[in-house]
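Data first, discussion second: the structure below is written as structure tokens.
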Amino acid sequence: MICLILLTVMTLAGCNHLADPLSDGETGAAPEAVASGVTTRAANFSFRLGVNISNWLSQSTLTGSAREYAFQQYEISNLASWGFDHIRIPVDEEHLFLESGAINREVADLLHRTLGWCEAAGIKVILDLHIIRSHNFDHAVNTLWYDSWEQDYYMNMWHAISAEFRGYSNDLLAYELLNEPVAPEDAMWNTLSARVIRELRVHKPERVLIVGANMWNGAYKIPALTVPAGDPNLILSFHFYEPYLLTHYKAEWNDFQYIDVNLNYPGQLISDQEFYALPQWQQDVVGGYFTYYDKYVLLGQMQAAIDHANALGVRLHCGEFGCYRLTYSQVKYNWVYDMVSLFRERNIPHTYWEYKAGFGFCNADGSVADYGVLDLLTK
């Protein structure tokens, strides 16, 4: 029943919001291109530096006016003036869709408003389907991988999203299929993502689609992705938070909150003296990070992703990287400097996690909280 409602919503969106899916000048792809999910005409979705607008329409309990005013036009203007050329907007199903399966008009209207602001400011947008009711990257078991009904429902959500936002230029708006998939087998995500690519290409053959690697968008898993080669409108995406102890130091949601050591970067992350002074259980927690890290170690951890994207002839994107607010400032700055340098040297577009909240460089009102990070990203 919910699937049927979603399909109905998709149809109504096509009638009430914007005109025919091809009305913005597209003629559609050749039948063989649509069948394979490959497009050959490139959208002008060029991007370099962005930031995640998190904890607004995702991982958030905001509703009503609190949600409406949590992100404003002046903030887009600020981001553009600082040198950001795109934002990634994580969106959860529970915000964008009602339990009935209908699109939540209030949230859709907020996205339309934001897209208008971004278009005026020259900011591109990645709409990231972050958490859905059948899949959460923090859950050990997700029904999306085992239930064909849930897979159909997920596909129908994308049809509804595509219909809702189909009138926006391919040069402005891109879609990210799913944040940090955690399929038990790589083939499960490969099969499902191929279906989404194929079906979305029917009416929007040049819409840029971003596909993350299985297992939390790990860079090491990019080579396991099976996607069409040579597609100029397909982007592979990875997330990078290594070494995790550094980027999530003292994070309250894991055992790092109990660890009290001085971190060193670049260099041996924990000194011998401090490591062996820890109780055994804490040594067990951080033992995997009791080693040396620098820029070239980080490069080695993402090299497989770079090589695979190059081999396929598709673009590569780092959709998330960042440090928690409790990481020692100089260690954080050294790490961010190396990360940004690696991305710039290899022409990898990168999107910092995050704008505000725990990893952010701004306060809730958009004022700058950490000029050190902001300058490293933008200068």
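For reference, positions follow the sequence shown, starting with 1.
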Check your understanding: Does the side chain of His135 reach to within under 4.5 Å of the side chain of Val182, using non-hydrogen atoms?
Key -> yes
**Study point:** Short side-chain donor-acceptor distance under 3.5 Å, Thr351 and His86
**Key:** yes
Review point. Is the centre of the Tyr276 ring less than 6.0 Å from the centre of the Phe290 ring?
Key: yes
Practice item. Check for a donor-acceptor pair, side chain of Arg113 on one end and backbone N or O of Glu68 on the other, with a separation under 3.5 Å. Key: yes
Practice item. Find out whether Leu342 and Met302 are in side-chain contact, i.e. whether some heavy atom of one side chain is under 4.5 Å from a heavy atom of the other. Key: yes
Practice item. With rounding to the nearest 0.5 Å, note down the distance linking CG in Asn104 to CG in Leu57. Key: 9.5 Å
Practice item. State the CG-CD distance between Asn44 and Glu206, to the nearest 0.5 angstrom. Key: 13.0 Å
Check your understanding: Taking all atoms of both residues into account, what is the closest heavy-atom pair of Ile123 and Leu172, and its distance?
Key -> O-CD1, 3.4 Å
**Study point:** Co-membership, hydrophobic cluster, residues Tyr244 and Leu298, 4.5 Å side-chain
**Key:** yes
Check your understanding: Quick check, are the ring centers of Trp353 and His239 under 6.0 angstrom apart?
Key -> no
Point to revise | Shared hydrophobic cluster, Leu236 / Leu200 (ILVMFWY, side-chain heavy atoms < 4.5 Å) | key: yes
Exercise for review: Find out whether the Lys NZ or Arg CZ of Lys124 is both under 6.0 angstrom from the six-membered ring centre of Phe45 and within 45° of the ring's axis.
Suggested key: yes
Review point. Knowing that exactly one of Glu354, His317, Glu320 qualifies, which makes a side-chain hydrogen bond (donor to acceptor under 3.5 Å, both in side chains) with Arg88?
Key: Glu320
Review point. When hydrophobic residues are tied together by side-chain contacts of less than 4.5 Å, even through go-betweens, does Ile348 share a cluster with Val208?
Key: no
Exercise for review: Return the minimal non-hydrogen interatomic distance between Val211 and Ser193, and the atom names on each side.
Suggested key: CG1-CB, 4.2 Å
Check your understanding: So if you build clusters from Ile, Leu, Val, Met, Phe, Trp, Tyr with side-chain heavy-atom gaps below 4.5 Å, do Tyr175 and Ile87 land together?
Key -> yes
**Study point:** In one Ile/Leu/Val/Met/Phe/Trp/Tyr side-chain cluster, 4.5 Å: Ile126, Leu177
**Key:** no
Check your understanding: What about the rings of Phe165 and His112, do their centers lie closer together than 6.0 Å?
Key -> yes
Exercise for review: Could you tell me whether a side-chain N or O of Asn217 sits under 3.5 Å from a main-chain N or O of Glu180, the two making a donor and an acceptor?
Suggested key: yes
Check your understanding: To the nearest 0.5 Å, what is the distance between SG (Cys362) and OH (Tyr371)?
Key -> 8.5 Å
Check your understanding: Can you find a side-chain donor-acceptor pair between Tyr249 and Tyr324 that sits under 3.5 Å?
Key -> no
Check your understanding: Can a salt bridge be assigned to the pair Lys332 and Asp370 using a cut-off of 4.0 Å between side-chain N and carboxylate O?
Key -> yes
Check your understanding: Is the side chain of Asp92 donor-acceptor paired with the backbone N or O of Gln59 at a distance under 3.5 Å, no angle test?
Key -> yes
Check your understanding: Would you find a donor on one side and an acceptor on the other, under 3.5 Å apart, between the side chain of Asn310 and the backbone of Ile306?
Key -> yes
**Study point:** Modelled atom types, side-chain donor and acceptor of Gln268 and Asn264, under 3.5 Å
**Key:** no
Review point. Just by distance, do the side chain of Trp189 and the backbone of Gly212 share a donor-acceptor pair under 3.5 Å?
Key: yes
**Study point:** Where Tyr352 and Gly322 come nearest, the two heavy atoms and their spacing
**Key:** CE1-CA, 3.5 Å
**Study point:** Nearest atoms (heavy-atom pairs only) where Ala121 meets Ile76
**Key:** CB-CG2, 3.7 Å
Exercise for review: Output, in order, the C-alpha distance, side-chain angles, deciding distance and verdict of side chain to side chain contact (heavy atoms under 4.5 Å, CB included) for Ile89 and Thr114.
Suggested key: CA-CA 10 Å; Ile89 307 179; Thr114 303; 4.1 Å; yes
Point to revise | Verdict with reasoning, Arg207 to Ser162, per side chain to side chain contact (heavy atoms under 4.5 Å, CB included) | key: CA-CA 10 Å; Arg207 177 71 75 200; Ser162 183; over 6 Å; no
Exercise for review: Report yes or no: is the cationic atom of Arg325 (NZ for Lys, CZ for Arg) under 6.0 Å from the centre of the six-membered ring of Phe359, at an angle within 45° of the ring normal?
Suggested key: no
Exercise for review: Would you check if the side chain of Ser367 reaches a backbone N or O of Asn363 as a donor-acceptor pair within less than 3.5 Å?
Suggested key: no
Review point. Which atoms form the tightest heavy-atom contact between Asn78 and Ser81, and what is the distance?
Key: O-OG, 2.7 Å
Exercise for review: Return the minimal non-hydrogen interatomic distance between Tyr328 and Leu263, and the atom names on each side.
Suggested key: CE1-N, 3.6 Å
Review point. Do Gln330 and Asn334 have side-chain atoms, one donor and one acceptor, less than 3.5 Å apart?
Key: yes
Review point. Among side-chain atoms of Asp338 and Tyr265, is any donor-acceptor pair under 3.5 angstrom?
Key: yes
Review point. Taking the six-membered ring for Trp, is the centroid-to-centroid distance between Phe240 and Phe321 below 6.0 Å?
Key: no
Point to revise | Option among Arg195, Arg201, His203 that satisfies the side-chain hydrogen bond (donor to acceptor under 3.5 Å, both in side chains) test with Glu199 | key: Arg195
Exercise for review: Return yes if a side-chain donor-acceptor contact under 3.5 Å exists between Tyr153 and Glu93, otherwise no.
Suggested key: yes
Point to revise | Short side-chain donor-acceptor distance under 3.5 Å, Tyr292 and Asp294 | key: yes
Exercise for review: Give a yes or no answer on whether the side chain of Asp147 reaches the backbone of Trp149 with a donor-acceptor pair at less than 3.5 Å.
Suggested key: yes
**Study point:** Derivation of the side-chain hydrogen bond (donor to acceptor under 3.5 Å, both in side chains) call for Arg67 and His95
**Key:** CA-CA 10 Å; Arg67 180 167 56 191; His95 279 275; 2.9 Å; yes
Exercise for review: Using modelled atom types only, decide if a donor and an acceptor are shared between the side chain of Glu94 and the backbone of Ile132 within a distance under 3.5 Å.
Suggested key: no
**Study point:** Worked check of side chain to side chain contact (heavy atoms under 4.5 Å, CB included) between Leu209 and Asn233
**Key:** CA-CA 6 Å; Leu209 303 178; Asn233 300 315; over 6 Å; no
Practice item. Taking the six-membered ring for Trp and the full ring for Phe, Tyr or His, determine whether the centres of Trp335 and Tyr293 are under 6.0 Å apart. Key: no
Study note, to complete from the structure: d(Asn179 CG, Trp216 CH2) to nearest 0.5 Å is 12.0 Å
Exercise for review: Using only heavy-atom distances, determine whether the side chains of Asn55 and Ser60 contain a donor-acceptor pair under 3.5 Å.
Suggested key: no
Review point. Hey, are the side chains of Tyr289 and Glu242 touching, using non-hydrogen atoms and a 4.5 Å cut-off?
Key: yes
Check your understanding: Phe361 vs Tyr355 aromatic rings, parallel, tilted or perpendicular, using cut-offs 30° and 60°?
Key -> perpendicular
**Study point:** Test item: His130 and Val91 side chains (from C-beta on) under 4.5 Å apart, heavy atoms
**Key:** no
**Study point:** Phe71/Trp56 aromatic ring centres below 6.0 Å
**Key:** yes
Practice item. Give a yes or no on whether the backbone of Lys379 and the side-chain of Asp375 come within a donor-acceptor separation of less than 3.5 Å. Key: no
Review point. Between Glu75 (side chain) and Gln72 (backbone), is there a donor-acceptor pair under 3.5 Å?
Key: yes
**Study point:** Spatial distance of atom CG (Asn214) from atom CD1 (Ile222) [nearest 0.5 Å]
**Key:** 10.5 Å
Practice item. Decide yes or no for Ser134 and Trp145: does some side-chain heavy atom of the first lie under 4.5 Å from some side-chain heavy atom of the second? Key: no
Practice item. May I have the step-by-step check of side chain to side chain contact (heavy atoms under 4.5 Å, CB included) for Val51 and Trp82, ending in yes or no? Key: CA-CA 11 Å; Val51 66; Trp82 293 331; over 6 Å; no
